[in-house]
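First listed ligand is number 1; within each ligand, the first listed atom is number 1.
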Amino acid sequence: MRKIIHCDCDCFYAAIEMRDNPQLRGKPLAVGGPAERRGVVATCNYEARKFGIHSAMAMATAQRRCPQLQIVSPRMEVYRQVSAQVQSIFRDYTDLIEPLSLDEAYLDVTQATACQGSATLIAREIRDRVRSELGITLSAGIAPNKFLAKIASDWNKPDGQYVIRPEQIDDFVRQLPVRKLFGVGQVTAARLATLGITTCDELRTLSEQVLVSQFGSFGPRLYQLARGIDEREVKVERQRKSVSVETTYATDLATLQDCMQQLDALYEQMLRRWQPLAGRYQVAGCLVKVKFNNFVSTTVELAAREHSPSIFGPLLQQAWQRQRRPVRLIGLGFRLQPARTAGDQLSLLPD
Ligand code: DCP
Ligand code: MG
């Protein structure tokens with residue numbers, strides 16, 4: 001029997017904004033683009049959710065529902081950094097981590113030795129550390145597979161955890177609406193409803209054969225999920241080949257000199273993006289991309305183990321020489337390869 005933890009930070013972007021600015025706490029807050037520029041809500045805190053505000057809602061609608069709503073713009077670089085910090089806490093317990101987004105991941109702790117191998121205690125310790133070290137809260141679900149762990153992490157959200165033990169699976173799954181099953185969207189749910197089925201208990205009355213005839217290759221999966229079975233492995237993050245940043249300028253950069261002046265700012269941005277990856281990767285090359293005002297793009301690359309702003313200067317010059325005309329966009333990038341540190345999971349994979 002495996003032990004899977006699904007971790008999901010609570011109102012992630014909003015939690016970070018409240019952490020960094022105490023004045024935002026305790027009152028409805030949305031993170032997103034301003035209403036007057038037709039912005040949408042990326043997320044909102046739990047106070048705002050009481051007004052029916054949610055992710056992807058137009059900011060104008062959100063403000064109508066809650067006139068006292070505080071609104072802040074997203075700071076993606078900060079969220080990325082916190083995400084890397086959360087993941088580095090995870091790595092103290094297992095290497096088998098599958099990130100689903102910046103704030104969400106599956107952990108396989110079947111072989112973990114921390115906390116006497118108790119997944120429940122590991123989840124509690126991760127949550128305590130995320131709170132004390134990073135100043136935000138995280139909810140966790142603990143179960144024998146991914147499907148159940150993910151549902152469980154929602155059960156006591158925010159700032160809670162929920163365990164589904166093997167012997168509880170049957171009772172737990174029976175009462176679930178089919179809509180909660182992984183892969184069941186509106187269409188499948190509606191088709192099941194026409195067959196008189198809204199809960200997993202009801203779904204279990206259909207044979208696998210009937211499910212295949214109704215839902216094709218998804219049939220066997222439905223049959224299994226209705227019984228709490230999910231054999232999917234926790235997949236370790238796929239290897240990254242590069243990391244890059246680019247900026248399209250409001251007005252074209254007329255000369256090579258103008259282009260060179262942008263390098264420091266781009267390099268700074270690049271370092272911020274590189275930083276959370278630096279533990280797992282090493283730089284294998286540097287590249288510069290230039291898009292000219294005639295929309296021709298060109299890229300120059302140099303193998304390099306080290307990086308500094310001075311490497312990018314000559315590359316930018318070389319790229320610019322190819323058209324010698326005003327520039328719309330400049331991008332910088334690192335070619336990456338897995339870090340060669342002992343015990344590093346990724347370094348064991350073939351290149
Ligand atoms: N996000 C976004 N646009 C969306 C959904 C999410 O930009 N339509 C961003 C903002 C969230 C983050 O991704 O903070 C994580 O997404 P979640 O779905 O996990 O939502 P939250 O963490 O904000 O809230 P919850 O407490 O429900 O997990
Ligand atoms: Mg979340």
Using only atom types and a distance under 3.5 Å, with no angle test, would you say the side chain of [X] pairs donor to acceptor with the backbone of [Y]?
X      : Y      : result
Asn156 : Ser139 : no
Gln214 : Gly219 : no
Arg273 : Ser244 : yes
Asn21  : Gln23  : yes

Is it true that some N/O/S atom of Glu104, main chain or side chain, lies under 2.8 Å from the Mg ion (ligand 2)?
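Checking the Mg ion (ligand 2) against Glu104, no N, O or S atom falls under 2.8 Å.
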
Cys9 N/O/S atom closer than 2.8 Å to the Mg ion (ligand 2)
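Short answer: yes, at least one N, O or S atom is under the cut-off.
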
Flag: protein heavy atom within less than 4.0 Å of atom 18 (O) of ligand 1
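Flag for atom 18 (O) of ligand 1 set to false, no protein heavy atom closer than 4.0 Å.
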
Flag Phe12 as yes when one of its N or O atoms lies below 3.5 Å from any N or O atom of ligand 1, and as no otherwise.
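Yes, at least one N or O pair falls under 3.5 Å.
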
Contact (N/O only, under 3.5 Å) between Cys9 and ligand 1:
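Min N/O separation from ligand 1 is below 3.5 Å for Cys9.
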
What atoms of ligand 1 come within less than 4.0 Å of a heavy atom belonging to [X]?
X      : value
Asp103 : 15 (C), 16 (O), 19 (O), 22 (O)
Asp10  : 26 (O)
Asp8   : 19 (O), 28 (O)
Lys157 : 25 (P), 26 (O), 27 (O), 28 (O)
Arg49  : 21 (P), 23 (O), 24 (O), 25 (P), 26 (O), 27 (O)
Ser55  : 4 (C), 5 (C), 8 (N)

Roughly, to 10 degrees, what angle do Asp103 atom OD2 and Asp8 atom OD1 form around the Mg ion (ligand 2)?
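My answer is 90°, to the nearest 10°.
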
Please determine, by modelled atom types, if Tyr79 and Glu17 share a side-chain donor-acceptor pair under 3.5 angstrom.
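Yes.
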
Decide whether Thr110 and Asp108 meet the rule of one side-chain donor and one side-chain acceptor closer than 3.5 Å.
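Yes, Asp108 and Thr110 have a side-chain donor paired with an acceptor closer than 3.5 Å.
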
Counting heavy atoms not belonging to Glu167, are there more than 12 under 6.0 Å from its CD?
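Counting neighbours around CD of Glu167, more than 12 heavy atoms of other residues, nucleotides or ligands fall under 6.0 Å, so yes.
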
Atom CD of Gln68 with >12 non-hydrogen neighbours under 6.0 angstrom
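Correct, the count exceeds 12.
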
Less than 4.5 Å apart, side chain to side chain, heavy atoms only: is that true for Lys150 and Glu104?
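Result yes, sub-4.5 Å side-chain heavy-atom pair found.
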
Side chains of Met18 and Gln70, heavy atoms from C-beta outward: is any pair under 4.5 Å?
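No, their side chains stay 4.5 Å or more apart.
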
Quick one: look at [X] and ligand 1, take heavy-atom pairs under 4.0 Å, and tell me if it's side chain, backbone, both or neither.
X      : result
Tyr46  : side chain
Met76  : neither
Pro158 : neither

Inspect the contact between Glu246 and Lys291 and indicate whether a charged nitrogen and a carboxylate oxygen are less than 4.0 angstrom apart.
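Glu246 and Lys291: not salt-bridged.
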
How many angstroms lie between atom CD of Glu268 and atom CG of Leu263, to the nearest 0.5 angstrom?
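Taking CD in Glu268 and CG in Leu263, the distance rounds to 12.0 Å.
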
[atom] - nearest protein heavy atom and its distance:
atom                    : answer
atom 20 (O) of ligand 1 : Thr43 OG1, 4.3 Å
atom 14 (O) of ligand 1 : Tyr13 N, 3.1 Å
atom 3 (N) of ligand 1  : Ala42 O, 3.5 Å

Any non-hydrogen atom of Cys11 lying under 4.0 Å from ligand 1?
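It does; at least one heavy atom falls under 4.0 Å.
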
